[in-house]
Amino acid sequence: MVRVNLPAQRRQESESQRELELTCMSNLLSAPAARVYFKDLQSRFLLVSAGWIAAYAPGRSAADLIGKTDFDVFSAEHASAASRDEQRVIETGESIVGKVELETYGGRTATWVSTTKMPLRDEHNRIIGTFGLSRDVTAQTMAENTLAEQALQLIAQNERLRELDRLKDEFIGMFSHELRTPLASILGYAEILMEDGLSGPDADHCVEVIDRNAKRLLRLAGDLQLLAQINSGQMPMEFRSADLAEIAASAVDEMRPEADRKHIDLVLSATAISRLAVDPTRIAQLLGNLLSNAVKFTPEGGKVEVKLGTEGDEAVLTVSDTGIGIPAADRERIFERFFRTAIAKRQAIQGTGLGLTITQAIVAAHNGTIAVESDEGHGSTFTVRLPLWPMPAPGAEEPGPPAA
């Protein structure tokens, strides 16, 4: 008969199992790729793997980290967040699996990691701490962030393209109207002249209407041509010595008949400014656009004021009106091509949405700035600032701004 000592056999099996577990734990802690830690209830390190040390505390030993906390390794912000997570695991007994977080250190590059934290239990299933595993996902996270940013940029670009497409369609409709109106007027009055054989004041009136509408068409064609040149970066500029006050006076005189028709008080206030290097034609166009808008958007009996002066090394030109103003939501977009404010559309005020785009391009070509202040219902003020370029010496080339 063979007798077997069962308790002794069981003890031997238990010890073998224990040795196997210790061997597995030893291999786990010494593996360079395994980032594992064990902590007590106060989040102090009990055991730390070689992989964890290499990743987060290079140059330190496992013995040195025993009894320490994350505050001895990471930034206070990261250590505090980790401690809160571990206390939650201890209190609830529930694991935190695959949490992606940014690990920050003092004087070292921050990294993204995916961390799993679980309750550490004794043989009686009581929670005696926590243990966790982490892996570096910096490259993956950065790639995902880049893709997300690119996706957002693509969405924004698509929105801008859709908006431009809408504005283009809207512009085509407005442009057709802007063409039809003066063309119909020209054809109508030309027909009167041809059929009725008018002479004297009546004929002069017909010719004046035809001339005015023909010039309107010419300006529209010029704006379109200039817009194409602006978009291609080839807007022609001819800088020479000019008197801003004279240009302003001419622009005001040109706009005065329209202002008088609406009983608008059009005022020019200019201080003496030395001649400076500008493109007179473009500056006149700039002023014409601002004055045209001011008169167009100011009700009858209002006021439009043009001021010219200097501040420091800049010439400052302002055009103010007592008109309908610009809604706050539209102020950031008024310089976009084809854009027209909601109030302009609502009141069916003529326009192509090109004037301020062209004006801004002219200001930029002079290395200047343009800004607007407006209060809806109480008018607007456009302020243009141009650098006072020094005059050249006698016999030198015509002045012009340095490359922007």
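Atoms considered below: every heavy atom in the structure, side chains included; atoms not considered: hydrogens, waters and symmetry mates. Computed from a prediction, not measured in an experiment: that's the story for all the values here.
- In this structure, the side chain to side chain contact (heavy atoms under 4.5 Å, CB included) partners of A79, at least two apart in sequence or on a different chain, are D70, F71.
- Among residues two or more places apart in sequence or in another chain, the side chain to side chain donor-acceptor pair (under 3.5 Å) test is passed with Y37 by none.
- Across all their heavy atoms, A245 and A270 have their closest contact at CB-CB, 4.4 Å.
- Side-chain atoms of R331 come within 3.5 Å of backbone N or O of S374 as a donor-acceptor pair.
- Paired with V304 under the rule side-chain contact (heavy atoms from CB on, under 4.5 Å), one option of T298, D265, L268, T322 passes, and it is T298.
- Environment of CD in E159: crowded, with over 12 heavy atoms of neighbouring residues, nucleotides or ligands closer than 6.0 Å.
- For residues 47-60, the set of pairs meeting the side chain to side chain donor-acceptor pair (under 3.5 Å) definition, not counting sequence neighbours, comprises R35-Y56, Y56-E103, Y56-S134, R60-D64.
- Taking S320 as the reference, T381 meet the side chain to side chain contact (heavy atoms under 4.5 Å, CB included) condition, with sequence neighbours excluded.
- Of the possible polar contacts, one joining the H366 side chain to the D279 backbone as a donor-acceptor pair under 3.5 Å is found.
- Sorted by first then second residue, the ring pair (Phe, Tyr, Trp, His ring centres under 6.0 Å) pairs that include residues 114-158, not counting sequence neighbours, are F38-F131.
- Applying the side chain to side chain donor-acceptor pair (under 3.5 Å) test to residues at least two apart or on different chains, the pairs with a partner in residues 253-262 are E258-R261.
- Closest of all the heavy-atom pairs between T115 and E101 is OG1-OE2, 3.3 Å.
- Judged by distance alone, with hydrogens and angles left aside, the side-chain atoms of T92 form a donor-acceptor pair with the main-chain N or O of E94 at under 3.5 Å.
- Using modelled atom types, no side-chain atom of D375 and backbone atom of H378 make a donor-acceptor pair closer than 3.5 Å.
- At least one donor-acceptor pair under 3.5 Å links the side chain of T138 to the backbone N or O of W112.
- A side-chain donor-acceptor contact under 3.5 Å links T116 to the backbone of G98.
- In this structure, the side chain of N27 engages the main chain of T23 through a donor-acceptor pair within 3.5 Å.
- Summarising the geometry of V137 relative to V100, their closest heavy-atom pair is CG2-CG1, 4.3 Å, with the distance given to 0.1 Å.
- Remark: S114 pairs with no residue by the side chain to side chain donor-acceptor pair (under 3.5 Å) rule, at least two apart or across chains.
- Looking only at atom types and distance, the side chain of N289 has a donor-acceptor partner in the side chain of T359 under 3.5 Å away.
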What side-chain donor-acceptor pairs closer than 3.5 Å can you find for residues 148-157, not counting sequence neighbours?
none

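- Salt-bridge formation is detected for the pair R385/E311: a Lys NZ or Arg NE/NH1/NH2 atom is positioned less than 4.0 Å from an Asp or Glu carboxylate oxygen.
- Open room surrounds CE on M142; 12 or fewer heavy atoms of other groups in view lie less than 6.0 Å from it.
- Qualifying side chain to side chain donor-acceptor pair (under 3.5 Å) partners for Q87, counting only residues two or more places apart in sequence or in other chains: none.
- Contacts of A242 classified as side chain to side chain contact (heavy atoms under 4.5 Å, CB included), with partners at least two apart in sequence or in another chain: I247, V278, P280.
- I370 approaches V363 most closely through the heavy-atom pair N-CG1, 4.0 Å.
- Here the straight-line distance linking atom CG of L41 with atom CD1 of I127 works out to 8.5 Å at 0.5 Å rounding.
- Between R160 and E163 there is no salt bridge, since none of the side-chain N atoms of the basic residue sits less than 4.0 Å from a carboxylate O of the acidic one.
- Using a 4.0 Å cut-off between charged side-chain N and carboxylate O, K99 and D85 make a salt bridge.
- Note that the OG atom of S95 and the NZ atom of K117 stand 12.0 Å from one another [nearest 0.5 Å].
- Here the straight-line distance linking atom CG of D321 with atom CD1 of I264 works out to 8.5 Å at 0.5 Å rounding.
- The stretch residues 78-97 participates, sequence neighbours left out, in these ring pair (Phe, Tyr, Trp, His ring centres under 6.0 Å) pairs: F74-H78.
- The number of heavy atoms from other shown groups lying within 6.0 Å of CD (Q42) is above 12.
- Here the closest heavy-atom approach between residue L388 and residue L276 is recorded as CD2-CD1, 4.0 Å.
- Residues G325 and P327 share a closest heavy-atom pair of O-CD, 4.1 Å.
- Atom CD of E300 has more than 12 heavy atoms from other residues, nucleotides or ligands within 6.0 Å.
- Residues passing the side chain to side chain donor-acceptor pair (under 3.5 Å) test with T69: none are found, sequence neighbours excluded.
- From D40, atom CG reaches atom CG of L120 across 9.5 Å, with rounding to the nearest 0.5 Å.
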